[in-house]
2 protein chains.
Amino acid sequence: MLSNSSKYAIKAVLFLALNSKDNKKIMVKDISEPINVPQAYIAKLLQELSKKNIISSSRGPKGGFYLSNANMDNSLMDIINIIDGEKRLQACVLSLEKCNLEKPCPLHELVYPIKTKFIKVLQDRTIKEFSTLIKQGKVFLPF
Amino acid sequence: MLSNSSKYAIKAVLFLALNSKDNKKIMVKDISEPINVPQAYIAKLLQELSKKNIISSSRGPKGGFYLSNANMDNSLMDIINIIDGEKRLQACVLSLEKCNLEKPCPLHELVYPIKTKFIKVLQDRTIKEFSTLIKQGKVFLPF
DNA sequence: TCCTAAATATGATTTTTGTCATATTTTAAT
DNA sequence: ATTAAAATATGACAAAAATCATATTTAGGA
């Protein structure tokens with residue numbers, strides 16, 4: 001479904017959403033530890049997201065990663081698309097290339113509607129909205 | 001979600017459900033080709049399923065793999081559990097160990113009900129029932 | 001009984017994913 | 001300007017998943 005890398009990236013971005021600001025940058029080692037992901041690994045992922053403008057960063061002393069207000073309007077799907085590519089989530093559960101509405105595979109009818117809904121939420125809900133839900137204590141990040 | 005191996009195994013078993021019987025065994029090479037999976041690979045998976053009595057086999061000339069009537073009452077989940085282990089499908093979307101109903105992760109509320117439904121169908125519907133749906137032309141196996 | 005056709009057992013190889021290491025570049029503070 | 005602290009770029013390494021190869025065992029038929 002989601003690669004490990006995507007999951008890590010999502011965790012990191014949500015962490016940044018809650019704990020960083022333009023004037024409060026966080027360096028990798030202070031991200032990797034709380035979210036429980038190896039530092040060198042998450043560093044690589046954050047760099048990739050930064051290059052694609054999903055998150056922001058600045059170098060040098062007092063540097064680090066953070067989310068700008070614009071970054072907060074991105075979706076989790078933006079992250080997934082960058083890390084996993086666009087096809088992974090879309091593919092048929094059984095990886096049947098020719099599976100479609102006309103010739104649905106045996107699991108298509110079951111999976112299609114629920115996957116569509118899943119993808120829609122990933123696309124439509126912003127990082128900011130997730131952040132709000134967490135702050136309100138409605139959902140949690142039990143890293 | 002499902003490993004490649006599970007998908008291959010499911011394809012093979014559904015193929016056997018449609019094309020084999022006690023008195024009509026099929027050898028690996030005549031399974032691997034139509035379902036479009038490398039012979040040596042699917043052979044290994046079929047052996048594993050055979051050992052766990054999900055499918056049947058006999059060696060020697062006129063031997064091959066087939067589904068007995070009893071085999072037809074198994075579920076796709078039986079296959080998945082053997083190939084992928086029991087935890088893979090159950091795990092939190094974000095792989096957060098501590099994610100649960102009390103401390104749901106940000107995607108829990110979205111994913112939990114749909115995954116539960118998915119798992120239920122995989123568990124409850126028999127191979128025989130899938131086979132019937134395919135024979136009735138209601139679903140397809142576009143290998 | 002012997003030969004041959006099949007699955008089975010075992011493990012080697014390759015590819016992909018995940019992880020780690022390090023030299024380079026940028027920037028703030030002195 | 002110089003230094004030190006940070007991200008960045010690049011690529012090496014490890015682990016897991018996928019794939020392939022082969023020797024062994026079993027069973028049917030001549």
Side-chain angles (χ1 to χ4, degrees), chain A residues 1-12 16 20 22-33 35-68 71 80 82-85 87-88 91 95, chain B residues 1-12 16 20 22-33 35-68 71 80 82-85 87-88 91 95:
Chain A
M1 182 88 111
L2 299 180
S3 70
N4 234 325
S5 294
S6 270
K7 294 172 191 169
Y8 287 174
I10 289 172
K11 283 164 59 167
L16 286 174
S20 78
D22 314 43
N23 57 2
K24 189 178 169 206
K25 293 153 193 164
I26 310 188
M27 28 182 200
V28 264
K29 74 175 162 62
D30 293 332
I31 299 170
S32 72
E33 202 214 322
I35 70 172
N36 210 26
V37 174
Q39 176 173 340
Y41 192 10
I42 198 65
K44 202 169 206 174
L45 295 174
L46 289 174
Q47 286 163 25
E48 206 173 340
L49 294 176
S50 174
K51 190 154 56 173
K52 297 278 176 57
N53 299 310
I54 299 298
I55 66 176
S56 305
S57 67
S58 76
R59 307 211 239 190
K62 300 279 170 187
F65 293 95
Y66 62 100
L67 295 198
S68 66
N71 293 150
I80 294 166
I82 286 170
I83 305 292
D84 286 347
K87 286 169 298 183
R88 183 167 177 142
S95 298
Chain B
M1 183 88 112
L2 299 180
S3 70
N4 235 325
S5 293
S6 271
K7 294 172 191 170
Y8 287 174
I10 289 172
K11 284 165 58 166
L16 285 174
S20 78
D22 313 44
N23 56 2
K24 189 179 168 207
K25 293 154 193 164
I26 310 188
M27 24 183 203
V28 263
K29 75 175 161 61
D30 293 332
I31 299 169
S32 71
E33 201 215 321
I35 70 172
N36 209 27
V37 174
Q39 176 173 341
Y41 194 7
I42 198 64
K44 201 169 205 173
L45 296 173
L46 290 173
Q47 285 163 25
E48 206 172 341
L49 294 177
S50 174
K51 189 155 55 173
K52 297 280 176 56
N53 298 310
I54 300 298
I55 66 176
S56 305
S57 67
S58 77
R59 308 209 239 190
K62 300 280 171 186
F65 293 95
Y66 62 100
L67 296 197
S68 65
N71 293 150
I80 295 167
I82 287 170
I83 306 292
D84 286 346
K87 286 169 300 184
R88 182 167 178 143
S95 297

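Order of the sequence lines fixes the chain letters, A, B, ..., with proteins taken first and strands second; residue numbering starts at 1 for each chain.
- Not counting sequence neighbours, A/S20 has no partner by the side chain to side chain donor-acceptor pair (under 3.5 Å) test.
- Pairs passing the side-chain hydrogen bond (donor to acceptor under 3.5 Å, both in side chains) check and including a residue from residues 51-62 of chain B, sequence neighbours excluded, read B/S50-B/S57, B/S56-B/N71.
- Scanning for side chain to side chain donor-acceptor pair (under 3.5 Å) contacts around A/S32 gives an empty result, with sequence neighbours left out.
- Note that CG of B/L16 is 12.5 Å distant from NZ of B/K25, once rounded to the nearest 0.5 Å.
- B/I10 and B/L2 make their closest contact through CD1-CD1, 4.3 Å (heavy atoms, listed as atom of the first residue, atom of the second, distance).
- Remark: B/S5 pairs with B/Y41 by the side chain to side chain donor-acceptor pair (under 3.5 Å) rule, at least two apart or across chains.
- Among residues two or more places apart in sequence or in another chain, the side chain to side chain donor-acceptor pair (under 3.5 Å) test is passed with A/K7 by B/S95.
- Partners of A/A9 by side chain to side chain contact (heavy atoms under 4.5 Å, CB included), not counting sequence neighbours, listed by chain and number: A/L49, A/I79, A/I83.
- The stretch residues 47-56 of chain B does not touch DNA chain D, since none of its heavy atoms comes less than 4.0 Å from the strand.
- For the residue pair A/L45 and A/Y8, the shortest heavy atom distance occurs at CD1-CB, 3.8 Å.
- Chain A approaches DNA chain C over the interval C/dG18 to C/dA28, counting the first and last nucleotide 5' to 3' with an atom under 4.0 Å from its heavy atoms.
- Panel note: side chain B/D84, backbone B/S3; a donor-acceptor pair is recorded below 3.5 Å.
- Taking B/F65 as the reference, nothing meets the ring pair (Phe, Tyr, Trp, His ring centres under 6.0 Å) condition, with sequence neighbours excluded.
- Legend: residues meeting ring pair (Phe, Tyr, Trp, His ring centres under 6.0 Å) with A/Y66, ordered by chain and number and at least two apart, are absent.
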* Structure fact -> In B/S/- notation (B base, S sugar-phosphate only, - none; protein heavy atoms under 4.0 Å), nucleotides 25-30 of chain D written 5' to 3' is BBBB--

Identify all pairs in which a protein N or O lies below 3.5 Å from an N or O of nucleotides 18-20 of chain D, and state each distance.
unit_1: D/dA18; atom_1: OP1; unit_2: B/N4; atom_2: N; d: 3.1
unit_1: D/dA18; atom_1: OP2; unit_2: B/S5; atom_2: OG; d: 3.4
unit_1: D/dT19; atom_1: OP2; unit_2: B/Y8; atom_2: OH; d: 3.4

